[in-house]
Amino acid sequence: MLKKLRIKFIALNMATVAVVLTVVFAAICVVNHRQSVATVDGALNQAIAQASEHQGRQMGKDALGEGQPDGEQPAPDGVAAPPTIGGRERSGGQVIPVALFSMSSDGDMTALGRFNTASISQDVLEQAGEQLAGADEGFGSLSDLGLFYVKRQAGGVMYLAFADMGSASGWRSLAATLAVVEVAALAVFFVISLFFSRWALRPVARAWTQQRRFIADASHDLKTPLTVILANTSIALDHPERSVASQSQWLESTKHEAEAMQGLVGDLLTLAKIDEEEAAAQSGAARPALEEVDLSDVIEGEVLQFESVAFERGVKLGSQVEPGIKLRGNEQRLRRLAGTLIDNACKYVDDGGAVDVALSRAGKQAKLEVRNTGAPISPEDLPHVFDRFYRADKARTGGVGGHGLGLAIARAIAEEHGGTLTASSTQAEGTAFIATLPLK
């Protein structure tokens, strides 16, 4: 399943990046093409404007009978006068060749050689003249002839300016370059996606492993009492002639196992409810209403409840509770948190040992520490003590029992209240569970 999920993750990322790059690069090519066309349009109109301006000056000079206009020197003998227009330069220094013609009323076109920087074959020119004879003024293109044109009247003369459509084809080389860049970028991103897919799916793999272990452990803990209940029921049914009193042993055993199952189901429901509330809070839903809780009273009450348990085991149960520590939270769950930690300490304390419970302020937090003496938790077990259904082998096979959900619930309650729950265990200092909770 995880392999398929990883493949889907990579495929989705690659498809998304490919679409984004294609759209962006296509937009760049479109913008480049439009800018090129606008540049061609400007070059054609500039040629017409300069030709019209020159014609106006020439007409004025002829009317006055003057020679060369002021500031214009005659060309040396044998050298043609340089054209006043050589096309319009683009950003890359490229000059757009322009062919400029004047059109008479009967459709005849005359080349304005002084302003031409491009030439058009006679047959192409005739076809262009036929197509543009009745055309409106403005900019356009003759795709079949590969020409851009501007038809505009200026100074009483109808001008036609032409430029090769190749002048605006720079986008093609740009598109080819961007295509190579896109392929290279996708190759690099594919390698990156392979790496990050492992990293991104690591929590999913861990959750999947925990879920499988959770199901296996829950099945194990439910299977044992169900087996006992079925065996007890079978024995009772095999002797229907016996009275209830004579079969009380099987009935009591059935009741005990049913109560154990009830406790397990209750713990599972508690965890499920906490998880559901946390998920709802992360999605923006309001958390359940909290109340002001005197944590000092809660801890003192739970210590009092376990005094008899400690006395029976010969364990010294001590407490140091700072009074008046209050916070906002769920009192029932905070009692569950404190009770779980004290119960766990009393279960695993050595004979004749001690359990110490301390509650104090630590800045803006309340610090609850439950410590017991005895054999420490092994280093390989310590990182997993808060995992659901996790129990060291001695706990799973020993007599202290439990389903391995108590500490998981305790940590969930601490985190639900915005706090943390940590554990430490050494031979010299014993085992300590420390819960920190934000104060009111």
Side-chain angles (χ1 to χ4, degrees), residues 5 200-219 221-222 259-302 305 325-345 357 359 361-370 383-391 402-423 433-440:
L5 183 61
L201 294 179
R202 194 173 299 162
V204 178
R206 183 168 56 251
W208 175 252
T209 301
Q210 291 177 345
Q211 180 183 359
R212 294 180 64 182
R213 188 176 67 190
F214 178 87
I215 294 173
D217 290 340
S219 301
D221 283 355
L222 288 172
E259 289 174 347
M261 288 180 59
Q262 185 181 40
L264 173 59
V265 172
D267 288 345
L268 291 174
L269 290 175
T270 299
L271 281 172
K273 188 173 182 180
I274 293 176
D275 289 344
E276 182 180 359
E277 292 173 358
E278 182 65 24
Q282 291 179 357
S283 64
R287 287 182 177 272
L290 303 178
E291 57 184 346
E292 183 179 87
V293 179
D294 190 325
L295 189 59
S296 300
D297 288 346
V298 170
I299 302 304
E300 288 178 349
E302 290 302 309
Q305 291 290 331
I325 297 180
K326 297 181 180 181
L327 50 76
R328 296 193 65 82
N330 185 309
E331 182 176 351
Q332 182 180 359
R333 290 185 179 174
L334 289 173
R335 287 188 182 277
R336 177 70 182 270
L337 167 63
T340 297
L341 296 181
I342 298 173
D343 179 51
N344 188 73
V357 180
L359 176 66
R361 287 185 176 86
K364 295 183 179 181
Q365 294 182 322
K367 179 181 178 182
L368 171 63
E369 181 176 355
V370 180
H384 304 287
V385 293
F386 297 111
D387 292 351
R388 299 178 182 185
F389 284 107
Y390 185 87
R391 290 162 294 185
H403 300 291
L405 292 176
L407 291 177
I409 293 175
R411 184 177 65 173
I413 293 173
E415 293 177 348
E416 177 190 25
H417 287 77
T420 60
L421 179 59
T422 59
F433 288 89
I434 301 175
T436 57
L437 302 170
L439 293 174
K440 178 179 176 183

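Everything numeric here is computed off the predicted structure, so don't read it as measured data.
In this structure, the side chains of L327 and P438 stay at 4.5 Å or more apart for every pair of heavy atoms. When side chains are defined from C-beta on, L421 counts as touching L341, because their heavy atoms get closer than 4.5 Å. Residues I299 and I325 are not in side-chain contact: their nearest non-hydrogen atoms beyond the backbone lie 4.5 Å or more apart. The side-chain heavy atoms of V357 and L368, taken from C-beta on, include a pair separated by under 4.5 Å. At a threshold of 4.5 Å between non-hydrogen side-chain atoms, the residues T340 and I409 do not count as touching.
The two atoms that bring D294 and K326 nearest to each other are OD2-CE, 3.9 Å, heavy atoms only. For the pair L407 and F386, the tightest heavy-atom approach, listed with the atom from each and the gap, is O-CD2, 3.6 Å. Nearest heavy atom pair, residue V370 against residue A345, reads CG1-CB, 3.7 Å. Taking all atoms of both residues into account, the shortest heavy-atom contact from A366 to L439 is CB-CD2, 3.6 Å. Nearest heavy atoms, V385 versus A423: CG2-CB, 4.3 Å.
In terms of the salt bridge (Lys or Arg N to Asp or Glu O under 4.0 Å) criterion, E259 has no residue partners (sequence neighbours excluded). Annotation: salt bridge (Lys or Arg N to Asp or Glu O under 4.0 Å) contacts of E292 (sequence neighbours excluded): K440.
The CD atom of E416 sits 11.0 Å away from atom CG of L437, with the distance rounded to the nearest 0.5 Å. Expressed to the nearest 0.5 Å, how far NE2 of H417 lies from CD1 of I413 amounts to 7.5 Å. Here the CD1-CD distance, from I434 to E369, works out to 4.5 Å after rounding to the nearest 0.5 Å. To the nearest 0.5 angstrom, T420 atom OG1 is 6.5 Å from Q365 atom CD. Separation of atoms CG (D297) and CG (L359) is listed at 10.5 Å; rounding is to 0.5 Å. Atom CG of L295 is separated from atom CD of E300 by 10.0 Å, given to the nearest 0.5 angstrom.
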Would you be so kind as to tabulate the donor-acceptor pairs closer than 3.5 Å made by side chains of residues 261-275, with sequence neighbours excluded?
from : atom 1 : to   : atom 2 : distance (Å)
D267 : OD1    : R336 : NH2    : 2.6
T270 : OG1    : G266 : O      : 2.9
D275 : OD1    : R388 : NH2    : 3.1
D275 : OD2    : R388 : NH1    : 3.1
D275 : OD2    : R388 : NH2    : 2.8

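None of E277, E291, E415 except one satisfies the salt bridge (Lys or Arg N to Asp or Glu O under 4.0 Å) rule with R333; the exception is E277.
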